[in-house]
Structures are given as C-alpha cells and as structure tokens.
Amino acid sequence: MELNDLQAQRQAKLERLRAAGLNPYPTSSARTHGIASALEQFDTLAADEAGLTLAGRIIGARRVMGKIAFAHIEDGTGSIQLWISRAEIGDELFARFRDDLDTFDIIEVEGVLRLTQKGERSIFVRAIRVLAKTINPPPEKWAGLSDVEERHRQRYLDLIVNSERREVFRARARAVSTMRRVLDERGFVEVETPVLQPIYGGAAARPFTTHHNQLGQGLYLRIATELYLKRLIVAGFPGVYEIGKDFRNEGVDRSHNPEFTMMECYQAYADYSDMMRLVEDLLREMSVAVTGSTLVPYQGHELDFGCDWARIPMAEAITERTGIDIASLTEIDALHSAIADAGIKVERKGTWGKQVDELFSEFVQPLLVQPTFIIDYPVEISPLAKRKPGQPAFTERFEAFVAGMELGNAFSELNDPFDQEQRFLDQLKAFDAGDDEAHQMDADYINALMYGLPPTGGLGLGIDRIAMLLTDQPTIREVILFPHMRQRE
RNA sequence: GGGCCGGUAGCUCAGUGGUAGAGCACCUGACUUUUAAUCAGAGGGUCGUGGGUUCGAUCCCCACCCGGCUCACCA
C-alpha cells in the first residue's frame, strides 16, 4: 500500500500505539451508552456522577492545550464533547491523546457527564482507549468534501463529513417501510422473482446481458418484474408486490440510473382506477411519514399530496398544449401532416404511438408539476395493457407525473391471451423494424394467461424518484447510496 | 453520443511560457475551559494521462481519461 505523507504519519502513530502494547483494532467495545441516550439522561447521570463509557469517531478539530483538551465524538446517534484534563488522566494518557490520536479515529472514553463552564454537556474523561485507528485524513475543516464526483465515489466519506446527508437515506428508508406497511395492510403479499431472466419483458428498455457458465446459458438482468408477478396472480394470490432493482441499459442523467429500485404490485379483481387511488394513498402516507406533511417542498415548488390527483386523458392533454387531436388523427401520415400544418417543432417519429409519446414528452410532461395522472395511452405503446372499452386504439393505462418526472406506470392488465400474443407479435415486428426497446415474445407468459388471469390492476412506482421528491434532492444520484460511476484507472 | 465548463498539496481553491501559491488540515514548540481556540516555526506537488510546439510547458496545440451542466435518447 502506497501511503502519502499524512497517511504515513498516521501509520507511524499506529505503530507507536502497538509499541506501547495497545491494540489499535480491538475486537469489541465496552460502551455502556449510546451518545443520544446519554444526552437524554444527562441531568440524572451528571447529578449521580455515574461512570459511563461512550464510543465514537472523533469529529472536528481536537483542541489540545498544555494541560487540558477538548474534542467531539460522534456515534451515529449523536455527538458529545470530550473534556480531558491532564491532571485527571495523567501525563502519559494525555500525551497519547495529543500525539497518537487524530480526527476521525474511533475511540472509547470512560468518565462522568459534566457541564463545562461554558455550559456544554460533556463527558469528563477518566480513560481513553482506541477502537480503530484511521489512516486517511479528514477533508477540509469547513468546506468539507464538496466535489460531487468524490462525494459519490467515496460515499462513506461523504456521509461521515456531511452527516446531515445521512438523513436523506433515513428518509428514503422511512418511505420504503411506509410503502411496505400500506401494501401489507391491504393484503398484498411481498414476493421475490428472478433478477436473471432468460427472456426480458415488462417494459420498453434495452437490457443488460450476462451468462451462466455451467448451464452455458445467456441471461438478461430484468428490466421489470411485471410478467413474473402477473404469473403469481394467475397462481391465485389476491395481490402481490415486489420491491427490488431493475436494470436498464440506457443513459444516465438526473433522473436515470442504470440500476434503480422499483415497486411493482398487482391486485386481482382491480383495475387502473383502483391503482390510481392506491398511488394517491401511498404518496400521501409516504409524504407524511417522511416530511410530516402532505405539502412537500421540492426545488422551489410546493407539491400537494393531500388531495386527489388530476386525471387527464393523454389525448386531451396533447390537444390542449398543441391543438392536435390525436384521437381523430389515427394514421402516422395524417398526424405528421397535422404537426407540419400547425408548425409544431417536434422530432419526427416513425410510428403513430411513438409520435404521440414524443408530442406528450415535449409539450405536456414538463408542465406536470403537481401530482397528475395522464390516462388512456395509445395501445401501440402499451403492449401489456387492456384496451379501453369502445376505444380500441387506447388502453386503460396511466402514468403518474410529479415535478415533470414520471413516477410510475399502471394499467388494467391485458388478460386476453390471443390479444396478448398479437401484441407481442407486433412488438417483434417493431423490433425487426429497428425499435430495440420492443418486447420479446414470452410464450410461457401466454401459457400462463391461458390458465386465466383475473381482471387485474397493476402498478409500478420508481422508488428513487419518490425519494428525490420527498427529500427535495435535485438528482437521483443524491438518493442512491452508491450511484453508478464510470470506472477510474 | 453532441455542446459548454472543469481536473493544481490530504481537502477547498488561486495562478503563470522561465525555481509552484493561499487557507484549512498535518508536523514541532508554547498554552488549565475550548468549541473556526490562539501564538511562533517547519514540511508537503508525476499541476488528470500521453504526445507535440518551444532553449524551456502546469500554462500553447492535439488526442485520450474522469467529472459537472446541458441537449439527444430513454421509465
């Protein structure tokens, strides 16, 4: 291991500890209290002059004077000041604290709680022991670690130094546990389905590929859990859900990470309207659990998860923003002509469904700040959704939008095996025509449908994006502990 | 993938075609109530990587690597 000067100095201190017969990495701590609990009981413990042992990482500067020293330790529950008197602990231990310990070292102190003259709650130290000597020095005292790349690559250091960021991940955990609680209470069964799949499906995306050596089999990392979960509704579960990682081989930006966490749930004898109410309920409960309110600040907006979400048919939304009535322009050429006649600047797409999606993404989606359901998507871009009665070109599908971001996708699940087979065949044609995100044919899924899928409502929600909203973070990387980074030499 | 911006000490950042700078941190010394402790002193650099131009490149040119923003693509 090559060490720089600062690391070498710390290693030398470590060797001095060893030379003095001290183990710089002992097996356990004799801690009697967490710091937060010691502070809660401070008055009582201080009055009793009760001896206690605390442990933690030295944070901030050590303030060492000739015969007295101060420092703070932090243990994940809180932080407390150490008050170290040379007269109390003796010359040798005082010198060891001064000469062989550093900021970031993890130590254990025995002593009594006592207020300093300045009134700070402190532990008046009678003994010190090293629990883990650190080799790497801390970043700058005030600016801290601010380089975004380093914060993401060395998340552990980011979270040590910028300890308030730990709250973002605690909040994310509260959001997920709330989601689980709500789903569990409603009778959904949490299940786990394959990540390694011989056929991928359930979303429009390019997959990662991998390989099983012993079986000599090519495999995909799942892009969605959808088709396996619906097999379980066929199997007789009244409702199932899975919270797990999906993997999509696509670009990285402020709202996309190649691996991301998705919650998908399916409910027998329900439809997409039920899923809309479920989304409303989930986000309402999650926002309260995370922020204490249904009014959530996000990047200068105030999002309201307290009331019912707007429900706007996609065709209406597009007509309102562009003047183009996609419902009456059901051929690609007619749609292109209308776009040209209206003088609308938008990228030309090769198929009607993709063109509609493009109009929507360009002119409608960015405006959807408050929670909104866009409903009734074109069948062409919804190969797993049931057709809308009386409007066969559209489906009972919605996507949930907040702050211009798509949070989720849901539909009344297509359960007609013949229609489903035809949709897959259409997807294969699209794939052959160059749409590399088109679905594969999943014959086993068709076989499952042929045993009967009850009318089912299905929903997928992006957990990372919800975490962004509820913690007011501008990018998905700030709510992912270890976001994908290009490998560094 | 395109465009723009960036990479200099452990960290945060200045800077220049001619010996590489600051603050913090670190090290040495002083100091018995600090909390951005204070005071005095010292050390610390393949200036992202590789080429090129030049008497001389951290600086100019080219390529590449890594990142940020943005556009494209996408859930």
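Order of the sequence lines sets the chain letters (A, B, ...), proteins ahead of strands, with each chain counted from 1. The analysis underlying the following values was restricted to heavy atoms, covering all of them including side chains, and did not include hydrogens, waters or symmetry mates. No experiment lies behind these values; they were computed from the predicted model shown.
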Give me each pair satisfying side-chain hydrogen bond (donor to acceptor under 3.5 Å, both in side chains) with a member in residues 119-130 of chain A, each pair once, sequence neighbours excluded.
A:His72-A:Glu120, A:Gln81-A:Ser122, A:Glu108-A:Arg129, A:Glu110-A:Arg126
Once each nucleotide of nucleotides 40-48 of chain B is scored for protein heavy atoms under 4.0 Å, what B/S/- sequence comes out, 5' to 3'?
----S----
Of A:Thr475 and A:Glu259, the one whose closest nucleotide on RNA chain B sits nearer the 5' end is A:Thr475
May I ask you to check whether A:Tyr272 and A:Lys386 show a side-chain donor-acceptor distance below 3.5 Å?
no
Checking A:Leu52 now: which residues fulfil side chain to side chain contact (heavy atoms under 4.5 Å, CB included) with it, not counting sequence neighbours?
A:Thr32, A:His33, A:Ala38, A:Leu45, A:Leu54, A:Leu113, A:Ile123
Hits for side chain to side chain contact (heavy atoms under 4.5 Å, CB included) against A:Pro207, two or more places apart or cross-chain, chain-then-number order -> A:Tyr200, A:Tyr220, A:Ile223
In whole Å, measure the gap between the P atoms of B:rU70 and B:rA57 for me.
39 Å
State which of B:rG67, B:rC74, B:rG10 makes the closest approach to the side chain of A:Met485.
B:rG67
Counting only heavy atoms and a strict 4.0 angstrom limit, can you tell me which residues of residues 244-254 of chain A come near RNA chain B?
A:Arg248, A:Glu250, A:Asp253, A:Arg254
Any side-chain N or O of A:Lys141 under 4.0 Å from OP1/OP2 of B:rA25?
yes
Using a 4.0 Å cut-off on heavy atoms, which residues in residues 75-89 of chain A reach RNA chain B? List them by number, or say none.
A:Gln81, A:Trp83
Exceeds 12 heavy-atom contacts within 6.0 angstrom, atom CD of A:Glu192:
no
Can you list the residues that meet the salt bridge (charged side-chain N to carboxylate O under 4.0 Å, His left out) rule with A:Arg18, with sequence neighbours excluded?
A:Glu15
Just N and O in the side chain of A:Arg63: are any of them under 4.0 Å from OP1 or OP2 of B:rU33?
no
At their closest point, which heavy atom of A:Leu14 faces which heavy atom of A:Tyr25, and how far apart are they?
CD1-OH, 3.3 Å
For RNA chain B, which consecutive runs of 3 or more Watson-Crick or G-U pairs (each distance under 3.5 Å) count as stems?
B:1-7 with B:65-71, B:10-13 with B:21-24, B:27-30 with B:38-41, B:48-52 with B:60-64
Less than 4.0 angstrom from a charged side-chain N to a carboxylate O is my criterion; do A:Arg222 and A:Glu264 meet it?
no
Using the ring-ring contact (aromatic ring centres under 6.0 Å, His included) criterion, which residues pair with A:Phe124? Sequence neighbours excluded.
A:Trp83
With sequence neighbours excluded, what pairs up with A:Asp158 under the salt bridge (charged side-chain N to carboxylate O under 4.0 Å, His left out) test?
A:Arg151, A:Arg155, A:Arg165
With sequence neighbours left out, write down each residue that passes side chain to side chain contact (heavy atoms under 4.5 Å, CB included) with A:Phe208, or none if nothing qualifies.
A:Leu221, A:Phe247, A:Asn249, A:Pro258
Just to verify, what does A:Glu437 make a side chain to side chain contact (heavy atoms under 4.5 Å, CB included) with, not counting sequence neighbours?
A:Ala204, A:Arg206, A:Glu250, A:Asp435
The answer to which of A:Asp102 and A:Gln117 contacts RNA chain B further toward the 5' end, by nearest nucleotide, is A:Asp102
C1' atoms of B:rA9 and B:rC47, separation to the nearest Å
10 Å
Which whole-number value in Å describes the distance from A:Arg348 CZ to B:rA72 P?
16 Å
So among A:Arg397, A:Glu399, A:Glu396, which one has a side-chain hydrogen bond (donor to acceptor under 3.5 Å, both in side chains) with A:Tyr377?
A:Glu399
